[in-house]
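Here is the structure we will look at.
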Amino acid sequence: MTTPGRRSAPLVVIGSGPGGLAAAQSFREHDATSPGLLISADPDPPYARPPLTKDYLTGESERSELWLAEEKWFADHAVSLRLGTEVVALDRAARLIRLDDGTTQPYDRLVLATGSRAQPLPVPGGDDPELILVRDLASGERLRELAATPRRVVVIGSGFIGCEAAASLAVRGADVVLVTGEDVPHLSRLGADVGKRLAGWLRDAGVHRAGGGFRPEARQRRCPDRRVVADG
Ligand SMILES: Cc1cc2nc3c(=O)[nH]c(=O)nc-3n(C[C@H](O)[C@H](O)[C@H](O)COP(=O)(O)OP(=O)(O)OC[C@H]3O[C@@H](n4cnc5c(N)ncnc54)[C@H](O)[C@@H]3O)c2cc1C
């Protein structure tokens, strides 16, 4: 049953990342008047994630520089934002989506731009709320707050996000240990030569590396009261 009072929107986009925003913007370029609706589980309006482990973390840029579109754009272009709302079911036959507040939203066209999620650490204790799983603005802000006071931080994962977070935290004066199962970062993806160079840059930035994979008992023994940053 359709929620009373909710009109069908010609375009509904699920996801407020760059993909969802680009879909809404390009819809607007091709249809100047029909209303659009962008629904996202994220409570913040569309923002850039890359700075969260780079200049935003080092303190070289501010929250106001993260937005991918000005608030005014949405009002001027008849695209409504429904943030902090998760889509929990899709009924294509009825052209309806169901939202986590129990209401439904009809649509004519639907774009799924739901992106990806960071992988929680698959070990006992991996769901500890003290861990920061870096993916969204809220986690980026927690990380930045953490960086404001120099301390020891363990970064788990030597992919792009882990290496960037480690280097940026070291720039902020943290004592950073990067935990990785790889001999050098990005070994499998970029090869040994690039990996060695990245390892050198991280070393020069002051990042210590612990290799050989992540062992939860080692974490508990060595840093019982320190925060751990995980990426996915
Ligand atoms: C810290 C960090 C640094 C990065 N740095 C770089 C970089 O330097 N270069 C680069 O190219 N890429 C980088 N990336 C990756 C880049 O941010 C992603 O590729 C990009 O965000 C993908 O955009 P997207 O719109 O496809 O999905 P996402 O940005 O993941 O957005 C998906 C959206 O869908 C919403 N959503 C998902 N499920 C639901 C649901 N059921 N109901 C409602 N909403 C839902 C989410 O809340 C989210 O808003 C980085 C990512 C991170 C986290």
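Order of appearance sets the numbers: ligands from 1, and atoms from 1 within every ligand. Here the structure is a predicted model, which is why all the values come from computation and not from measurement.
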Residue, atom name and distance, where the atom is the protein heavy atom closest to [atom]:
atom                    : result
atom 46 (C) of ligand 1 : Ser40 OG, 4.1 Å
atom 1 (C) of ligand 1  : Thr53 OG1, 3.5 Å
atom 6 (C) of ligand 1  : Pro50 CG, 3.4 Å
atom 35 (C) of ligand 1 : Gly15 CA, 3.7 Å
atom 48 (C) of ligand 1 : Arg49 NH2, 3.6 Å
atom 52 (C) of ligand 1 : Ile161 CD1, 3.5 Å
atom 25 (O) of ligand 1 : Gly19 N, 2.7 Å

Please compare [options] and report which has the shortest non-hydrogen distance to [atom].
atom                    : options                       : answer
atom 41 (N) of ligand 1 : Asp42, Val87, Leu38           : Val87
atom 30 (O) of ligand 1 : Arg135, Arg117, Glu164, Lys54 : Arg135
atom 27 (O) of ligand 1 : Pro46, Ser116, Gly115         : Gly115
atom 32 (C) of ligand 1 : Ile14, Thr114, Leu133         : Thr114

Subject >> Structural part of Ala41 in contact with ligand 1, heavy atom criterion under 4.0 angstrom >> reply: both
Original post:
Are Glu60 and Thr58 close enough that a side-chain donor and a side-chain acceptor fall under 3.5 Å?
Top reply: yes
Original post:
Would you say Pro18 has any N or O atom under 3.5 Å from an N or O of ligand 1, going by distance alone?
Top reply: yes
Subject >> Enclosure of Arg109 CZ (heavy-atom neighbours >12, cutoff 6.0 Å) >> reply: no
**OP:** Would you check, one step at a time, whether the test salt bridge (charged side-chain N to carboxylate O under 4.0 Å, His left out) holds for Glu62 with Arg144?
**Re:** CA-CA 11 Å; Glu62 294 304 322; Arg144 190 167 134 130; 2.8 Å; yes
Original post:
Considering only heavy atoms of Ser16, which atoms of ligand 1 have at least one such atom less than 4.0 Å away?
Top reply: 33 (C), 49 (O)
**OP:** Examine Arg63 relative to Tyr56 and say whether NZ or CZ is less than 6.0 Å from the centre of the six-membered ring and inside a 45° cone about the ring axis.
**Re:** no
Original post:
Is the shortest distance from a heavy atom of Thr85 to ligand 1 less than 4.0 Å?
Top reply: yes
**OP:** Would you check, one step at a time, whether the test side chain to side chain contact (heavy atoms under 4.5 Å, CB included) holds for Arg49 with Leu66?
**Re:** CA-CA 8 Å; Arg49 297 181 199 273; Leu66 297 174; over 6 Å; no
